[in-house]
Student: 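Encoded as C-alpha cells, here's the structure I'll be asking about.
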Amino acid sequence: SGNRILIYDYEQGLTLHHHDTPTMWLTGLADYIRFTKKHGVYGWAGEGASHWVGSAIWFYLKSRLLWDVDADVDTLITDFCDHNYGAAGRTMREYHMLLDTAVGQGLGHGQRSLDILSPSQLSAADELLQTALRQATLPATQHRVTEARVAFLKLRLDQLQQQAHADPVAFQQYAALTTETRELLG
C-alpha cells in the first residue's frame, strides 16, 4: 500500500573525506537502516569508491543489517572483529568503537572525518592499533590489522598535511608517518 521507497545512497556514510580513511559510523548505521525499514523502504542501491581497507567492518554491518534489520549491532561488531582479527579481535573492537563513539559525540552532519577525532582519541586509536599489531598472530590477521592501520595513517597524514606547511613539528610527524606507511605497504 502506498508508494514504495528505494534508498539510493553514497557508500561509507560518514567518512566524508577520502575513501581510504576509516569509516567510523557503525551504530548510527544500524539506527539509520532500522529507521528506513520502519518508514517503508523496501530496497537499497547506491554507489561509492570505498575501500575494504578502511571500511570492511562497515560493509559487513551494512550487509548483515540489510539482511536482518533486527540483528544486534554489538554482537555483529564483536563477531566481525573476532573472525577478522583473530587474537587482536578484542582490541580492534575497542578501536572501532572508539571511532564510532567519536562520530556519536555530536559533531553534526557533514563534519569531515579529518575533524572528528580529538587529539586524545587519535592517540588512543593509535595505541590500540599498535597493540593489535602485536596481538595478531596469524599472517592473515596481521594483514587485516595492518590494513586498518594503513587506513588510520591515511587519516593522520591528511590531518598533518594541513598543518605541515606552517608547523615544523607537524611536518616531522608527517614525515615519520609517511615512512611508517610505506614500510607497512611493503
Side-chain angles (χ1 to χ4, degrees), residues 10-27 29 48-63 76-103 107 111-186:
Y10 295 90
E11 300 294 348
Q12 227 182 326
L14 220 59
T15 292
L16 300 175
H17 167 64
H18 194 278
H19 59 269
D20 290 332
T21 58
T23 301
M24 303 178 198
W25 191 44
L26 304 179
T27 56
L29 172 66
S50 305
H51 287 192
W52 186 259
V53 170
S55 303
I57 192 168
W58 188 84
F59 285 121
Y60 172 81
L61 285 177
K62 185 174 183 183
S63 64
L76 293 175
I77 291 169
T78 299
D79 179 68
F80 176 86
C81 290
D82 288 349
H83 288 92
N84 199 52
Y85 303 117
R90 175 182 265 158
T91 301
M92 289 302 294
R93 184 187 195 292
E94 191 175 343
Y95 164 75
H96 286 297
M97 293 312 298
L98 175 100
L99 300 183
D100 181 69
T101 298
V103 169
L107 292 173
Q111 183 78 29
R112 295 176 339 135
S113 59
L114 287 178
D115 306 322
I116 288 175
L117 297 169
S118 71
S120 64
Q121 289 168 323
L122 286 169
S123 179
D126 186 55
E127 288 178 32
L128 287 167
L129 286 168
Q130 289 188 38
T131 298
L133 281 170
R134 290 188 299 274
Q135 292 171 331
T137 55
L138 300 174
T141 57
Q142 290 169 344
H143 179 78
R144 292 181 198 122
V145 173
T146 298
E147 287 179 333
R149 176 112 180 112
V150 167
F152 175 76
L153 290 176
K154 170 64 175 154
L155 177 67
R156 289 294 294 131
L157 286 167
D158 290 348
Q159 290 172 321
L160 290 168
Q161 187 175 32
Q162 292 182 346
Q163 304 163 3
H165 302 295
D167 181 353
V169 173
F171 181 79
Q172 290 173 345
Q173 291 173 331
Y174 181 84
L177 288 181
T178 299
T179 300
E180 180 184 349
T181 303
R182 286 184 179 143
E183 289 171 0
L184 286 172
L185 294 173

Student: Excluding sequence neighbours, so at least two apart, what forms ring-ring contact (aromatic ring centres under 6.0 Å, His included) with Tyr174?
Tutor: none
Student: Identify the heavy atoms of Leu122 and Phe152 that sit nearest to each other, and give their distance.
Tutor: O-CZ, 3.5 Å
Student: Could you grab the distance from atom CZ of Phe171 to atom CD of Gln163, nearest 0.5 Å is fine?
Tutor: 13.5 Å
Student: Looking at side-chain heavy atoms only, is the closest gap between Asp126 and Arg149 below 4.5 Å?
Tutor: yes
Student: Grab the two heavy atoms, one from Pro22 and one from Ala151, that are nearest each other, plus how far apart they are.
Tutor: CD-O, 3.2 Å
Student: Please evaluate residues Leu185 and Arg182 with respect to the criterion side-chain contact (heavy atoms from CB on, under 4.5 Å), reporting the C-alpha separation (whole Å), side-chain torsions for both, the decisive distance (0.1 Å), and the verdict.
Tutor: CA-CA 5 Å; Leu185 294 173; Arg182 286 184 179 143; 5.8 Å; no
Student: Give the ring-plane orientation class for Phe80 versus Tyr60, where under 30° counts as parallel, over 60° as perpendicular and anything between as tilted.
Tutor: tilted
Student: Do Asp79 and His83 have side-chain N/O donor and acceptor atoms under 3.5 Å apart?
Tutor: yes
Student: Is Leu117 close to Leu155 at the side-chain level, that is, under 4.5 Å between some pair of heavy atoms?
Tutor: yes
Student: Table please: side-chain donor-acceptor pairs of residues 86-95 below 3.5 Å, with sequence neighbours left out.
Tutor:
unit_1 : atom_1 : unit_2 : atom_2 : d
Thr91  : OG1    : Gln135 : OE1    : 2.6
Thr91  : OG1    : Gln135 : NE2    : 3.2
Arg93  : NE     : Thr78  : OG1    : 2.6

Student: I'd like to know if the side chain of Ser55 reaches the main chain of Trp58, judged simply by a donor and an acceptor atom lying under 3.5 Å from each other, with no hydrogens or angles considered.
Tutor: no
Student: Report the distance from atom CE of Met24 to atom CG of Leu98, rounding to the nearest 0.5 Å.
Tutor: 9.5 Å
Student: What verdict does the side-chain contact (heavy atoms from CB on, under 4.5 Å) test give for Asp100 and His96, after you've listed the backbone C-alpha separation in whole Å, the side-chain angles of each residue and the deciding distance to 0.1 Å?
Tutor: CA-CA 6 Å; Asp100 181 69; His96 286 297; over 6 Å; no
Student: Is there a donor-acceptor contact under 3.5 Å from the side chain of Ser123 to the main chain of Pro119?
Tutor: no
Student: If you round to the nearest 0.5 Å, how far is CE of Met97 from CG of Leu128?
Tutor: 12.5 Å
Student: Establish, from distance only, whether the side-chain atoms of Arg144 and Thr141 form a donor-acceptor pair under 3.5 Å.
Tutor: no
Student: Working to the nearest 0.5 Å, report the span between CG of Leu153 and CG of Asp158.
Tutor: 11.0 Å
Student: How long is the gap from CD on Gln142 to OH on Tyr85, to the nearest 0.5 Å?
Tutor: 14.0 Å
Student: Give, for atom CD of Gln161 and atom CG of Leu177, the distance between the pair rounded to the nearest 0.5 Å.
Tutor: 12.0 Å
